[in-house]
Amino acid sequence: MSTKPDTSSDTSSLVQVRDLSVHFALRGGSLARLFGRDTGTIKAVDGVNLELRPGEVVGLVGESGSGKSTLGRALLGLVPATQGSIHLRDQNVAELSRRRLREIRQVVQMVFQDPNAALNPSMQVEEAVGDALRVHGVRSTTERRTRVVEALERVGLSPVEHFLNKYPRDLSGGQKQRVVLARAIVLDPELLVADEPVSMLDMSVRAKILQLMLDLKNELGLTYVYITHDLATAKYFCDRIAIMYLGRVVEIGPAEEIFDHPRHPYTKALLAAIPEPDPDKMVPRDLPRGEIPDAAAPPLGCAFHPRCPEAVSGCGWESRDLRALVEQHWMRAGTAYDEEQDVIGDLDHLDTPATTATLGRGGSDRVRAVLDRIRAEDPHEPLWSGVTSIQPDGSGVTVRFQEADSPALRQAGGVDVACVLYPDSSSSPA
Amino acid sequence: MRRMLSAVAKPFSETTGLARWMLVAGVLITAVFLIAAIFAPWLAPYGFAQSSAHGVEFPKVGHPSSAHPFGTDRLFFDVLSRVIWGARTALEVVILSILFCVVLGVPLGLLSGFYGGPLDRVLVLIMDALYAFPPLLLAIVVSFLLTDVYGGSVIAVSISLTVVYIPQYFRVVRNTTLSAKEATYIEAARAIGARDIRIMRKYLFGNVVHSVPVLGTLNAADAILTLAGLGFLGLGIQSTAAAEWGHDVSRALADAGSGVWWTGLYPGLAIVLLVTGLTLVGEGLNETLNPTLRRRRLLAVVMPPRDRTPVQEVQR
């Protein structure tokens, strides 16, 4: 299913996102709030660049907590941008007043994930869809009704008369999502942000809703931002795909290229996670280990490195990785645990992210010996390649790691990848 | 019209068992008092502060007789008439105070829950402070403060009852708003560009006022008691301004020792009955409207006749 952008129309960008950051302050405990202490921030979106051309479908793909929904909401101005700009044509959404923001909602609309929650339970369909018009100053009841009927027909709710006076509770999930779509298109927008529009629907309805969205796009000349965690639907739906991880875009490029030649290890992992219906074709699944890390204290360097199967020395290894490694070792260690635990001592202080880690209390030689044993267990563990020195320090040792910045997006064969494996310029195809 | 009727009948048709009987009994009792209140001028044989008819003075503390079925009291007033007129006063006061509570408490609760922040803190503080006082004490204080302005009138008592009960409406609405405003449909309303006022009016209001009717009926019963308490203490409505049961009971206190039972019994009975009726309605409604308590009656499904013309064809 190809949905190439219509090249005949103008190709200047519809939306231009520059270095966008959306940070949320953590609330912290009541004491911290009382004394105004800084309780940390969550970098939901952290320095994202994105360009949307008219008529294009761009997918934002990532796990929960990767910031894809926040980015989508920022496009509508539903969450305030901390830094950077979002230019919709020539207006910067990030700086508009509330009144102007309400006006641009005629141009940018949103489709929500859960159709059961996105409709006011005490509003009938006609009112729910018509309210978008009412809000934007369409006062005549007859005009509202004509446009509502037209929108409902477009989303395939016919006979329309049958649905106008229904409450959301009287409709099925698919019908509700159609109403949500109708409410979004009734204002004749140019950009539709669809936040997992089919993930709450039955399998049988998903394809229909996606097809409907494609039809709407072609009929109304819409541009889509399609937010999903499901790469399978993104392949079917998107022209370009941006893979997000912990608030950053780690790979962005044409959908075919991403699917045929995934470059970022995270993209590869996501692709490997797509279920394969043919049992004979089962591939070894190189799924990322562990969970998505705490967004309030993301890993140093590349945020994906603790889970990355292809990690190398320059990924930004740090104290928390060492702790995880030691603890994993202890899980396998059996009886040796008591003795080693005595030598290494408490590990809690390693939770403060740092590129140096001081640990041990049973004498530097013995600590060193334990570390060597751990290393001998899995000499290929990439963490060790990131260690620059291990020096005695009092009764323990200090481990220093190679410093590394979070890799920036760089061009690599048709796509942009943020990974140390793809260093500068387009020269190295890897 | 049919829709309205069925909406009104819904609590009856959908409940079952005890809840249904509570509701029916409560509505019947309350209806009797409502009728008495509305048609008091026609139902009551005399005025509430009338001590003579056709030039004949009423007896002082007269036994119940055919002319005065409930007897007369120390001020020569007819007890039956005062009981009937008393229903009117009670309902006036209760309806007025509930009206004030809803008109003030619901919007304040909406604003407080929706905006949060300093506004919310201040309002919650005020309402909590009001709530912390014993209701009767607070009512006494407020009616005391109002004596100069409205002194002993229906309005004054209504306002003092409003002050007592408004924190409940505020809190209920504020708390439901707090949870409702996180719903996706509120974000969706923002996404279509609705103003805050519109979001509160059209998206939140309808979803947070569910519990207000129940609260209203439950509080009505309580308000009758507080009103009677105020009257009993002599801070309510004066006998010549309106007939008020609490005040009548207070005046009957002296009679009780001398074997005069009718001046106290009938107003007291009226208080008990109306409070019971309103409580039953409140509890019955609560069991119908509150989904956690509700047990719905199984209703027979009525299918439309088969030969009905399809909707499209009607439209053409």
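In what follows, chains are A, B, ... by sequence order, proteins preceding strands, each numbered from 1.
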Chain A: which of B:Thr184, B:Ile192, B:Ile186 shares the most heavy-atom pairs with it under 4.5 Å? B:Ile192
Using only atom types and a distance under 3.5 Å, with no angle test, would you say the side chain of B:Tyr203 pairs donor to acceptor with the backbone of B:Ala194? no
Can you check side-chain contact (heavy atoms from CB on, under 4.5 Å) on B:Leu178 and B:Phe114, steps first, answer last? CA-CA 7 Å; B:Leu178 272 186; B:Phe114 187 74; over 6 Å; no
What salt bridge (Lys or Arg N to Asp or Glu O under 4.0 Å) pairs are there with at least one residue in residues 178-192 of chain B, not counting sequence neighbours? A:Arg73-B:Glu187
Is any side-chain N of the basic residue among A:Arg147 and A:Glu150 closer than 4.0 Å to the acidic one's carboxylate O? no
Verify side-chain contact (heavy atoms from CB on, under 4.5 Å) between B:Tyr185 and B:Asn207, making sure each step is shown before the conclusion. CA-CA 11 Å; B:Tyr185 62 82; B:Asn207 293 302; 3.2 Å; yes
Choice from A:Arg98, A:Arg134, A:Met110 maximising heavy atom contacts with chain B below 4.5 Å: A:Arg134
So which residues of residues 165-202 of chain A are in contact with chain B at a heavy-atom cut-off of under 4.5 Å? A:Arg183, A:Leu187
Looking just at side-chain N and O atoms, do B:Asp120 and B:Tyr115 make a donor-acceptor pair shorter than 3.5 Å? no
Top contributor to chain B contacts, counting heavy-atom pairs under 4.5 Å, from A:Val160, A:Val108, A:Val135: A:Val135
Of all the residues in residues 112-128 of chain A, which have a heavy atom that comes within less than 4.5 Å of a heavy atom in chain B? A:Phe112, A:Ala117, A:Ala118, A:Leu119, A:Asn120, A:Pro121, A:Ser122, A:Met123, A:Glu127
Measure from the side-chain N and O atoms of A:Ser85 to the backbone N and O of A:His87, and report whether any donor-acceptor pair falls under 3.5 Å. no
Can you check whether A:Ala25's main-chain N or O pairs, donor with acceptor, with A:Thr41's side chain at less than 3.5 Å? no
When you measure from the side chain of A:Gln109 to the backbone N and O of B:Ala191, does any donor-acceptor pair fall under 3.5 Å? yes
For B:Leu96, enumerate each residue passing the side chain to side chain contact (heavy atoms under 4.5 Å, CB included) test, keeping only those at least two apart in sequence or located in another chain. B:Phe100, B:Val154, B:Ile155, B:Ser158
Report yes or no: does A:Arg105 contribute a side-chain atom to a donor-acceptor pair with the main-chain N or O of A:Leu76 at less than 3.5 Å? yes
